[in-house]
Amino acid sequence: MIEDPVTVAIVGAPIACEEGFKDTWREVAAWAGDQLKARFGERVSVEYFDLFDPQCPALPNKAELPVVIIDDTVLSNGEKISIPQIRKHIEDHY
């Protein structure tokens with residue numbers, strides 16, 4: 001039986017700088033996805049959302065970017081995107 005993958009949603013936004021805009025959180029989310037895929041294979045799905053994407057998951061009150069949500073549970077809010085923290089949560093809960 002195939003189980004639904006654990007969904008890791010990372011919500012961020014482009015950051016304005018002198019050179020224009022940087023999409024750093026999207027880049028970190030892609031890197032995190034690669035790392036988690038290497039560890040868990042198809043058991044984990046990582047998705048990135050810009051803050052104003054229509055498909056963006058619901059955020060907690062007074063959310064600060066970036067927000068990491070694992071299967072509807074907010075793991076971090078306004079903190080560094082931590083692959084060890086995400087990995088530990090997945091290992092402990094799934």
Using a 3.5 Å cut-off and no angle test, enumerate the donor-acceptor pairs between side-chain atoms of residues 47-59 and protein atoms at least two apart in sequence or in another chain.
from: Tyr48; atom 1: OH; to: Ala13; atom 2: N; distance (Å): 3.2
from: Tyr48; atom 1: OH; to: Asp50; atom 2: OD1; distance (Å): 3.2
from: Asp50; atom 1: OD1; to: Arg26; atom 2: NH2; distance (Å): 3.4
from: Asp50; atom 1: OD2; to: Arg26; atom 2: NH2; distance (Å): 2.7
from: Asp53; atom 1: OD2; to: Asp50; atom 2: N; distance (Å): 2.8

Heavy atoms only: give me the nearest Phe21-Pro14 pair and the separation to one decimal. CD2-CB, 4.1 Å

Looking only at heavy atoms, what is the nearest atom pair of Gly33 and Val46, with distance? CA-CG2, 3.7 Å

From CG (Leu65) to CD1 (Ile81), nearest 0.5 Å: 9.5 Å

Taking distance alone, no hydrogens or angles, what donor-acceptor pairs closer than 3.5 Å link side-chain atoms of residues 83-94 to residues at least two apart or in another chain?
from: Lys88; atom 1: NZ; to: Asp92; atom 2: OD2; distance (Å): 2.6
from: His89; atom 1: ND1; to: His93; atom 2: ND1; distance (Å): 3.4
from: Glu91; atom 1: OE2; to: Arg39; atom 2: NE; distance (Å): 3.2
from: Glu91; atom 1: OE2; to: Arg39; atom 2: NH2; distance (Å): 2.4
from: His93; atom 1: ND1; to: His89; atom 2: O; distance (Å): 2.9
from: Tyr94; atom 1: OH; to: Asp71; atom 2: OD2; distance (Å): 3.1

